[in-house]
Every structure is written in C-alpha cells, then in structure tokens.
2 protein chains.
Amino acid sequence: MSTYHHRDLRAALLREAGKRLEKQGIAALSLREAARRAGVSHNAPYRHFPDRETLLAALAAEGFQVLGQQLEKTSGREMGEAYVRFALAHPQRFRLMFGGQIALDKYPELRAAAASAFDRLQAAFSGYGGEARTAAAAAWSLVHGLSHLILDGHFAQRDEDFVKRVLAVVRFAVGPQRSA
Amino acid sequence: MSTYHHRDLRAALLREAGKRLEKQGIAALSLREAARRAGVSHNAPYRHFPDRETLLAALAAEGFQVLGQQLEKTSGREMGEAYVRFALAHPQRFRLMFGGQIALDKYPELRAAAASAFDRLQAAFSGYGGEARTAAAAAWSLVHGLSHLILDGHFAQRDEDFVKRVLAVVRFAVGPQRSA
DNA sequence: CTGGTATGTTGACAGAGACAACATACCTTA
DNA sequence: TAAGGTATGTTGTCTCTGTCAACATACCAG
C-alpha cells in the first residue's frame, strides 16, 4: 500500500500523544494508543522511540522549548507571570516536565532545555552581585511552587490577579539580612 | 488455615507499598506486588481499596500527616527548612503527594490534610495584616518550588546550607510595593 | 538492478488493573 | 448456642499495555 511508510511517523506520534496528554493526563498516555491514532500498527512506535519513557521525554522537551520561548518574550517581573501562565495553560505538560517521572539523567537534552529556560530567569538577576544565583534560584522556586500548588488546587484562587499579588509580595534581598 | 484472615491487611499493604514507593518510585507501585509482599492473593487488596488510586491516596494522606507533624515541631523561619527537609527525606512520597497523579477532589480527606499543614504556615504570617494569606501563599510556593526543583536535580547544590541561603534571600513585603 | 538499511507488520508473552463467582472466617442475635 | 449475614480472601478470567522476536516491504546507494 502507498502508506506503508508513514513518512513522518515520529512527528505524528508526538502530535497524537500530545493531544492525549492534555486531555487525559500522563497516565493515560500509551504507545499503543498513539499508534492507533496515527493509524499504524502497535509496534511501529518502537522504530522511533526505544520505549515509552523516551516518548515522554520527547514531549517534555517540546514543553521546555515552548516555555523557553514564552520566557524569552518577557523581561523582568513579567517573566514570573509568564512562567505561571504557561503552567496553567498546559497543566499536564507542565507536570510531565517537572513531575519526576522522567529520569532527567537519561536525557541530557532535557536537562539542557530546562537549564536554558532557567538561564533567562538567571539573567534577570544579573544585578544582584554574588548572590545572583541564589536570588534567581529563589525566584524560580517561587514561580515554580506557585504553579504547582495552583495546579494541584491548593489555593482557592487561580486567576491572574492572584498570581500577580503573590509575586508582588516578595522581595529579593542581597547581602547580609537586614529584615523587611 | 489459621491466617485466612490476615487481621490487618490494610495496614500491611500500606506498609509494603510504602517501602516499595521510596525504593522504586510511584510507577513501580502495583496492587498485585503489594499483595504478593503481604503474602496474600492478587485480589485481596480490593477488599480494602476499591482501586489503585485509592491506595495511592492513602499513602499520600500518610505523607501529609507526617509533614504536618514535622511542621508543628518548628516555628517561624525554620518551618520552611523543615518543609524542604521533608521533601528531600521522602522524595517519592513528596511527589506522590504533590505530583497531580491523584485527583484531589475525589479524596476530601487528602485536601483537608494538606490544608491543615498549610494552616501552620499560614499562622506564621498572622502578623502580616490583610496580606497575610498572600504572604503565606508566597512562602508556601517558595519552599514548595524549591523542594521540587531540588528533587528534580535542577540545582547543582542540594545541601542544607544552600536551602538556607535561598530561603534567606527572600523578604515578604506587606502593603503597597516599596521596593527592597 | 541489487543488496543493505530504515521502517512497518504480525505474533507472542508477561504483568497489571479490574470484575465475577466462590469460599471461609467471624460475629451478632434470637 | 445455633443460624445466618457480613467481612475478608481466593480462583478464574478479561482486557490493556510494554516489550521482544521474526518477518515484510519500501527506499536508497552503488
């Protein structure tokens, strides 16, 4: 038949799996289902992904790329809001990226993608001198934790205004503590 | 036989699953494996848990209880360190509690347990007036995000000193912004 | 045109979740 | 104390999934 070769099965699988991901969650993702949706036999995916986890890693990598692009568009304090906005817009993708289900060490490009996104945050704190890394780490922690907790439903509110208020209440101090 | 009734299978299953959880991760948790370890047939767990997710929810509930106790022992700024310490000491448990794999709405006692833990944090910010809730939310976000990012290996350091430095760099401001 | 490689297919197996039917221990209560 | 109902386990079965192995077909280089 003419479509014995799918021509771009890898991309098709990622597309279908991506759709499934946001609709049904990570647990519902299966290679066989993706293959079915791509109109291909149950074992075809193995020609492109050695196992399920590698497919998940590829989906996560996509996520890091998008997140990086979103952050690139912003600067300063808006970056934090953009981070949270990404998480709220793609909850399952975000969980996949940061849920610890993927062994980061096995996929160096994943860690690199994450680090690249973090670098943008880091740059925003270049004025903080020796504690720049620490302040950046704190900022990342803040927006990251806020994203997670909102997604998990631990806060009553989850609108953009709430996010802004929470982020606005935080200051980053450099040097010896002097109390607020 | 004398042990047809296990007498406390539910507790035994939670114990075995708990061990398995920290050693192998959430994905490796299976009802059948827990049953095997408890020396019981593959379907016995269903007399105590309607499905796998409910077992996971029970494990998460245990985690929230322990976390709450740890936080109770501390006060003020040490609470944040205790939070992170808990996450680092029980990484898989922490992920289970906050990984979004469990539909919180289906297990009200879970949300209650989490809220109870949060209440302790909240109390530490009672002096912040009208913005107390917001400041507490920010503090929770900070320690929560820091825990996650360290667990995921996104920071080079993960020792107690690093945690202290990150937490120390943050101030919580109340009222109209006035910059730090 | 021919052989090698990339890509798919069919077939099979084991492990898991879940349901049903059956068995046995326990416990109330009449 | 005997009877019957309920709680707890067991066996059997089904479907789904990941994964391996063997085979088939398309494509490409020489």
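Throughout, a chain's letter reflects where its sequence line sits, starting with A, and its residues are numbered from 1. Here the structure is a predicted model, which means the values were calculated and not measured.
Under the rule for a side-chain hydrogen bond (donor to acceptor under 3.5 Å, both in side chains), Ser30(A) has no partner lying at least two apart in sequence or in another chain. Partners of Phe64(A) by ring-ring contact (aromatic ring centres under 6.0 Å, His included), not counting sequence neighbours, listed by chain and number: Phe98(A). A search for ring-ring contact (aromatic ring centres under 6.0 Å, His included) contacts involving Phe125(B) returns Tyr128(B), Phe172(B), not counting sequence neighbours.
Rounded to whole angstrom, the span from the CZ atom of Arg10(A) across to the P atom of dG8(C) amounts to 12 Å. Distance, Gln101(A) CD to dG18(D) P: 13 Å, rounded to whole Å. What separates CG of Leu13(A) from P of dG18(D) is a distance of 12 Å, to the nearest Å. Atom CZ in Arg7(B) sits roughly 9 Å away from atom P in dT8(D) (whole-Å rounding). Going from atom CZ of Arg20(A) over to atom C1' of dC16(D) covers 14 Å, rounded to whole Å.
Considering only the side chain of His42(A), dT19(D) comes nearest among dG8(C), dT19(D), dT11(D).
Against DNA chain C, the stretch residues 47-59 of chain B makes heavy-atom approaches under 4.0 Å through Arg47(B), Asp51(B), Arg52(B). Near-neighbour residues of DNA chain C inside residues 30-37 of chain B, defined by a heavy atom below 4.0 Å, number-ordered: Ser30(B), Leu31(B), Arg32(B), Arg36(B).
Distance check, rounded to the nearest 0.5 Å: CG of Leu146(A) to CG of Leu88(A) gives 8.0 Å.
Legend: side chain to side chain donor-acceptor pair (under 3.5 Å) pairs involving residues 78-93 of chain A, not counting sequence neighbours, sorted by first then second residue: Glu62(A)-Arg93(A), Tyr83(A)-Trp140(A), Tyr83(A)-His144(A), Arg85(A)-Glu160(A).
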* **Verdict with supporting geometry, Val84(A) and Arg158(A), side-chain contact (heavy atoms from CB on, under 4.5 Å)** => CA-CA 10 Å; Val84(A) 179; Arg158(A) 53 175 293 160; over 6 Å; no
* Asked: Going through the distances and angles, do Ile150(A) and Val163(A) end up as a side-chain contact (heavy atoms from CB on, under 4.5 Å)?
  -> CA-CA 9 Å; Ile150(A) 291 179; Val163(A) 172; 3.9 Å; yes
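The pair Asp152(B)-Arg95(B) counts as a salt bridge, with a side-chain nitrogen and a carboxylate oxygen less than 4.0 angstrom apart.
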